[in-house]
Amino acid sequence: MMANQQPAQAVSKTAPGKHGNVLPLWGNEKTMNLNPMILTNVLSSPYFKVQLYELKTYHEVVDEIYFKVTHVEPWEKGSRKTAGQTGMCGGVRGVGTGGIVSTAFCLLYKLFTLKLTRKQLMGLITHSDSPYIRALGFMYIRYTQPPADLIEWYDGFLDDEEISIVQQVNWILYLSTVGLCVSLMLKLEVAVS
């Protein structure tokens with residue numbers, strides 16, 4: 001790369017903000033900006049390659065989230081081996097050896113392959129049946145939308161009454177950019193007090 005060239009970040013260009021039904025895609029159009037270890041495990045997962053391959057529509061994937069997702073961590077509980085890791089990598093989330101990639105992350109990437117519309121994404125983040133459906137919608141935004149648009153997407157949800165449930169599914173980890181994590185943590189501390 002020449003010194004005066006900038007790496008391309010925006011894959012598809014649409015007007016900024018939540019206008020129109022076509023979503024812009026920020027970052028890498030193949031990896032969804034996922035951690036390489038997580039993506040490799042998703043793509044090689046029998047669940048992704050077999051069961052999720054059969055799902056062709058947005059509604060089928062939403063139903064699968066409703067029935068199958070029990071947490072939104074990257075790895076299935078107890079499947080990562082961190083013993084023997086020392087120093088800064090020991091026990092750090094996402095660092096070191098992988099485990100069995102979670103159902104949630106397989107479904108998140110499946111949503112990405114469907115190339116969601118703005119209407120479908122709004123359907124996820126406003127879904128009333130499951131906080132996991134909503135959490136995956138917010139994660140989709142976090143991984144695929146331009147950073148400048150994140151505040152606009154999350155703004156109406158920071159005072160959400162369902163926040164205690166969303167906290168339980170650990171989505172705060174995925175809202176860590178643009179100061180949202182600090183704002184959300186302050187709101188959670190006030191709610192807990």
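None of these values were measured; they are calculated from a predicted model. Computed over heavy atoms, backbone and side chain alike; hydrogens, waters and symmetry mates excluded.
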Practice problem: Can you establish whether the number of heavy atoms outside Lys56 located under 6.0 Å from its atom NZ is more than 12? | Solution: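 Counting other residues, nucleotides and ligands, NZ of Lys56 exceeds 12 neighbours.
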
Quiz item: Should Phe105 and Phe67 be counted in the same cluster of Ile, Leu, Val, Met, Phe, Trp and Tyr side chains packed under 4.5 Å apart?
Solution: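 In one cluster with Phe105: Phe67, yes.
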
Do you know the tightest heavy-atom contact between [X] and [Y]?
| X | Y | result |
| --- | --- | --- |
| Tyr132 | Thr70 | OH-O, 3.0 Å |
| Met139 | Leu108 | CE-CD2, 3.8 Å |
| Ser102 | Glu73 | OG-O, 2.6 Å |
| Phe112 | Met32 | CB-SD, 3.3 Å |
| Ser130 | Tyr66 | CB-CD1, 3.8 Å |
| Glu64 | Tyr47 | OE2-OH, 2.7 Å |

Quiz item: Of the options Leu116, Val61, Ile141, which is the one that meets Leu124 in a side chain to side chain contact (heavy atoms under 4.5 Å, CB included)?
Solution: Leu116

Could you give the distance from [atom1] ([X]) to [atom2] ([Y]), rounded to the nearest 0.5 Å?
| X | Y | atom1 | atom2 | value |
| --- | --- | --- | --- | --- |
| Leu43 | Ile38 | CG | CD1 | 12.0 Å |
| Lys77 | Ile100 | NZ | CD1 | 14.0 Å |
| Gln145 | Leu25 | CD | CG | 7.5 Å |
| Leu34 | Asn41 | CG | CG | 11.5 Å |
| Leu107 | Gln51 | CG | CD | 10.5 Å |
| Gln120 | Ile125 | CD | CD1 | 13.0 Å |

Exercise. Report the C-alpha distance between His127 and Val62 in whole Å, list the side-chain angles of each, state the deciding distance to 0.1 Å, and finish with yes or no for side chain to side chain contact (heavy atoms under 4.5 Å, CB included).
Key: CA-CA 10 Å; His127 208 286; Val62 170; 3.8 Å; yes

[X] side chain to [Y] main-chain N or O, any donor-acceptor pair under 3.5 Å?
| X | Y | result |
| --- | --- | --- |
| Thr40 | Pro36 | yes |
| Asn28 | Asn33 | no |
| Glu60 | Thr57 | yes |
| Lys68 | Asp63 | no |

Self-check item: Residues in ring pair (Phe, Tyr, Trp, His ring centres under 6.0 Å) contact with Tyr58, at least two apart in sequence or another chain
Solution: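 Here no residue qualifies.
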
Quiz item: Can you check side chain to side chain contact (heavy atoms under 4.5 Å, CB included) on Leu121 and Leu111, steps first, answer last?
Solution: CA-CA 10 Å; Leu121 187 51; Leu111 288 169; over 6 Å; no

Practice problem: Could you tell me which residues satisfy side-chain hydrogen bond (donor to acceptor under 3.5 Å, both in side chains) with Thr103, sequence neighbours excluded, listed by chain and number? | Solution: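 Applying side-chain hydrogen bond (donor to acceptor under 3.5 Å, both in side chains) to Thr103 gives Glu76.
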
Exercise. List the steps and the verdict of side chain to side chain contact (heavy atoms under 4.5 Å, CB included) for Arg118 and Val22.
Key: CA-CA 6 Å; Arg118 187 172 312 281; Val22 176; over 6 Å; no

Exercise. Describe, in one word, how the ring planes of Tyr154 and Phe138 are oriented to each other, choosing from parallel (under 30°), tilted (30 to 60°) and perpendicular (over 60°).
Key: tilted

Quiz item: What do you reckon, are the aromatic ring centroids of Phe48 and Tyr53 less than 6.0 Å apart?
Solution: no

Quiz item: Are any non-hydrogen side-chain atoms of Leu52 and Cys106 less than 4.5 angstrom apart?
Solution: yes

Exercise. Apply side chain to side chain contact (heavy atoms under 4.5 Å, CB included) to Leu23 and Tyr140, showing your working.
Key: CA-CA 11 Å; Leu23 287 171; Tyr140 187 91; 4.3 Å; yes

